[in-house]
Amino acid sequence: MTEPTHSQRVLSGVQPSGALHLGNYLGALKKFTALQETYDCYLFVADLHAITVWQEPAKLADQTREIAAAYLAAGLDPKRAAIFPQSAVRAHAELAWIFNCTARLGWLDRMTQFKEKSGKHKERSSVGLYTYPVLQAADILVYKATHVPVGEDQKQHLELTRDIAGKFNTDFDAPDFFPIPEPLIQGPGARVMSLRDGSAKMSKSDPSDQSRINLTDTADEILQKIKRAKTDPEPLPETIEGLTDRPEADNLVGIYAALTGETKAQVLERFGGQGFGAFKPALAEVTVAAMTPVGDAMRRYLADPAEIDRILAAGAERANAAAEPTLAEVKRIVGFWPGR
Ligand code: TRP
């Protein structure tokens, strides 16, 4: 009936609500690629989450294909990781409803992302935007995922997932039914900042395209953006302590380190004492070398949407096979017809 132990399973999702950039690549896609070696991975395109704010129906399916293409271009292997659209696995939405009845209003009232996203006009937000973290808990727990790679901004949602898992297990006297999932701490590159402002996250919603490097930018665009990136007048410091209060320098050194797999200290050993006139061309070179193959691969996948659709359909089939037994067991535990 209940499983006392859970094999190591990773789950994560990316919303199909805009073009992906270097921050998504270093903070998510590249990390997933490493994880597929050691974990059973479920990686989906969070289209149910995307519609918590308006999405153009004529574009949504293509946005979903784009995220799938980015997963594949980053090196995810559909034979290892299941890659699928969230909406193609009904169990997510069904379990989310049950969890809506487990989660407490007080828990959701504390969610800072809802406060940020709903802004001044909370009453005009969709109800989905409010209950979004409950769906996220269902995404994770319907696979009994044990590990969730998330950025800083999603940590609170993972905490809520842990609370929901614990309360469900207690309420229904099903100890250990759901695992309490752990965050996977992200190394260098977890938080890539805007090229125009070292204190703001690199974001697809920033009105300035100069603030980010998109996965599909050409070598020339990457070069120009790095050339124009905001800096300060000082040369690079010799040690990481010297990056304190220098958000732009810190960000550029961090990007370099994440792309080459070095630590910031190692990068500074080489570039400390040099000005941005010397560092920026070196940074542009490693960025172009790392990112243009990803952009090229993305374009190759996008040129063959039928192949992407085959991969998504196969991923959905695997995901359904993994999710259905959990949902059936949950329905039995809750006591739905025909009863325990
Ligand atoms: N909310 C996440 C984001 O915007 C996407 C997401 C949806 C997710 N469901 C998830 C991430 C489950 C991790 C696990 O980035």
Side-chain angles (χ1 to χ4, degrees), residues 9-21 23-32 35-36 39-53 55 60 63-64 66-68 70-71 74 76 81-96 99-100 103 108 111-118 126 128-165 178-186 190-192 201-205 315 319 322-323 326:
R9 191 173 266 185
V10 157
L11 174 128
S12 200
V14 174
Q15 291 193 53
S17 48
L20 294 183
H21 52 69
N24 304 116
Y25 177 72
L26 292 174
L29 304 179
K30 196 173 170 221
K31 303 259 153 52
F32 300 165
L35 293 171
Q36 71 178 343
Y39 293 91
D40 185 19
C41 285
Y42 288 80
L43 300 171
F44 64 94
V45 185
D47 52 1
L48 296 177
H49 277 106
I51 65 160
T52 56
V53 297
Q55 300 296 328
L60 187 53
Q63 288 167 204
T64 295
E66 247 179 67
I67 303 297
Y71 277 154
L76 284 163
I83 298 172
F84 58 97
Q86 186 184 24
S87 62
V89 182
R90 292 181 183 177
H92 290 240
E94 203 170 333
L95 183 59
F99 284 169
N100 272 331
L108 285 182
M111 296 293 118
T112 55
Q113 187 174 291
F114 175 75
K115 289 179 200 163
E116 280 158 28
K117 287 197 182 176
S118 59
S126 72
L129 189 66
Y130 185 71
T131 190
Y132 171 124
V134 176
L135 175 60
Q136 188 160 346
D139 297 337
I140 296 166
L141 295 172
V142 82
Y143 301 101
K144 296 188 175 180
T146 52
H147 295 82
V148 185
V150 282
E152 212 44 59
D153 61 330
Q154 295 295 319
K155 275 210 180 124
Q156 202 185 28
H157 292 167
L158 187 61
E159 275 303 317
L160 184 94
T161 302
R162 293 164 57 90
D163 290 344
I164 289 175
F178 285 120
I180 309 297
E182 299 287 337
L184 280 176
I185 302 307
Q186 316 223 328
R191 211 167 145 76
V192 176
K201 230 178 116 172
M202 186 176 283
S203 163
K204 49 193 164 195
S205 54
T326 312

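FYI, side chains are in, hydrogens and waters are out, and symmetry mates aren't considered; it's all heavy atoms of this structure. Indexing begins at 1, ligand by ligand and atom by atom, following the structure's order.
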Distances for all N or O pairs of ligand 1 and the protein under 3.5 Å?
from, atom 1, to, atom 2, distance (Å)
ligand 1, 1 (N), Tyr132, OH, 2.8
ligand 1, 1 (N), Gln136, OE1, 3.1
ligand 1, 1 (N), Gln154, OE1, 3.2
ligand 1, 4 (O), Gln15, NE2, 3.0
ligand 1, 4 (O), Tyr132, OH, 3.1
ligand 1, 9 (N), Asp139, OD2, 2.7

Residues Glu182 and Arg162 bridged, charged N to O under 4.0 Å: yes
Parallel, tilted or perpendicular: rings of Phe114 and Tyr130 (30°, 60°): perpendicular
pair Phe84-Val45: side-chain heavy atoms closer than 4.5 Å: no
Any side-chain heavy-atom pair of Pro183 and Val148 under 4.5 Å: no
4.5 Å side-chain heavy-atom contact, Gln154 and Gln136: yes
Ring centroid separation Phe99 to Phe178 under 6.0 Å: yes
